[in-house]
> 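This is the structure I have questions about; it appears just below.
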Amino acid sequence: MPRYFLNIRDNDALIADPDGDDIPDLDEARTLALEIIHDILGRPNVYGAPGPWQARSFEITDEAGTVLLTIPFASG
């Protein structure tokens with residue numbers, strides 16, 4: 001099963017996912033990222049106000065570090 005890394009891009013900074021997740025395919029990785037975005041934006045008492053998160057995005061990469069998909073938090 002492929003390993004995907006859900007890194008967070010915050011302007012010029014990258015918060016790397018050090019472990020990644022074994023996920024069947026890129027579509028499932030996209031679904032997971034959208035679920036996480038929904039959770040983060042829906043729980044400001046845990047993650048802070050949604051405003052700053054709107055400028056961030058997930059960069060989903062493979063094990064080689066190739067960016068396969070970018071999902072803006074604003075899409076959640």
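Excluded from the calculations below are hydrogen atoms, water molecules and symmetry mates; all remaining heavy atoms, backbone and side chain alike, are included. Residue indices begin at 1 and follow the sequence shown.
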> Is there side-chain contact between Tyr4 and Thr61, with at least one heavy-atom pair below 4.5 Å?
no

> Got a second to check how far Thr66's OG1 is from Phe5's CZ, nearest 0.5 Å?
11.5 Å

> Would you list the pairs meeting side chain to side chain donor-acceptor pair (under 3.5 Å) in which at least one residue belongs to residues 15-25, sequence neighbours left out?
Arg3-Asp22

> With Arg56, which residues qualify under side-chain hydrogen bond (donor to acceptor under 3.5 Å, both in side chains), at least two apart?
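Listed in chain order: Asp10.
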
> So how far is it from Tyr47 OH to Ile40 CD1, rounded to the nearest 0.5 Å?
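Going from the OH atom of Tyr47 to the CD1 atom of Ile40 covers 5.5 Å.
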
> Testing the basics here: between Thr70 and Pro72, what is the closest heavy-atom pair and its distance to 0.1 Å?
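In this case the closest contact between Thr70 and Pro72 is O-CD, 3.8 Å.
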
> As an exercise, state the distance from CG of Leu41 to CH2 of Trp53, rounded to the nearest 0.5 Å.
8.5 Å

> Any side-chain heavy atom of Asn7 sitting closer than 4.5 Å to one from Ile15?
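Asn7 does not reach Ile15 side chain to side chain.
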
> Are Phe73 and Leu68 connected in a single hydrophobic cluster, I mean Ile/Leu/Val/Met/Phe/Trp/Tyr linked by side-chain heavy atoms less than 4.5 Å apart?
yes

> Taking the side chain from Asp62 and the backbone from Ala64, do they hold a donor-acceptor pair closer than 3.5 Å?
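A pair under 3.5 Å: yes.
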
> The criterion is side-chain hydrogen bond (donor to acceptor under 3.5 Å, both in side chains); which residues satisfy it with Asp27, sequence neighbours excluded?
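Asp27 satisfies side-chain hydrogen bond (donor to acceptor under 3.5 Å, both in side chains) with no other residue.
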
> Rounded to the nearest 0.5 Å, what separation is found between the CG atom of Asp39 and the CD1 atom of Ile36?
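One gets 8.0 Å once the value is rounded to the nearest 0.5 Å.
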
> Please name the pair of heavy atoms, one in Ile60 and one in Ala33, separated by the smallest distance, quoted to 0.1 Å.
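In terms of heavy atoms, the two residues are closest at CD1-CB, 4.1 Å.
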
> Nearest 0.5 Å, please: how far is CG in Leu6 from CG in Leu32?
5.5 Å

> Closest heavy-atom contact between Pro52 and Ala49?
CD-O, 3.2 Å

> May I ask whether Leu26 and Ile37 are part of the same hydrophobic cluster, defined by side-chain heavy atoms of I, L, V, M, F, W, Y residues being less than 4.5 angstrom apart, directly or through others?
yes

> Are there more than 12 heavy atoms of other residues, nucleotides or ligands under 6.0 Å from atom CG of Asp12?
no

> Check step by step if side-chain contact (heavy atoms from CB on, under 4.5 Å) holds for Ile8 and Phe58.
CA-CA 5 Å; Ile8 297 176; Phe58 270 119; 3.7 Å; yes

> Following the transitive rule for hydrophobic clusters with a side-chain heavy-atom cut-off under 4.5 Å over Ile, Leu, Val, Met, Phe, Trp and Tyr, establish whether Leu69 and Met1 coincide in one cluster.
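Different clusters.
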
> Counting heavy atoms not belonging to Arg30, are there more than 12 under 6.0 Å from its CZ?
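No, the 6.0 Å shell around CZ holds no more than 12 heavy atoms from other groups.
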
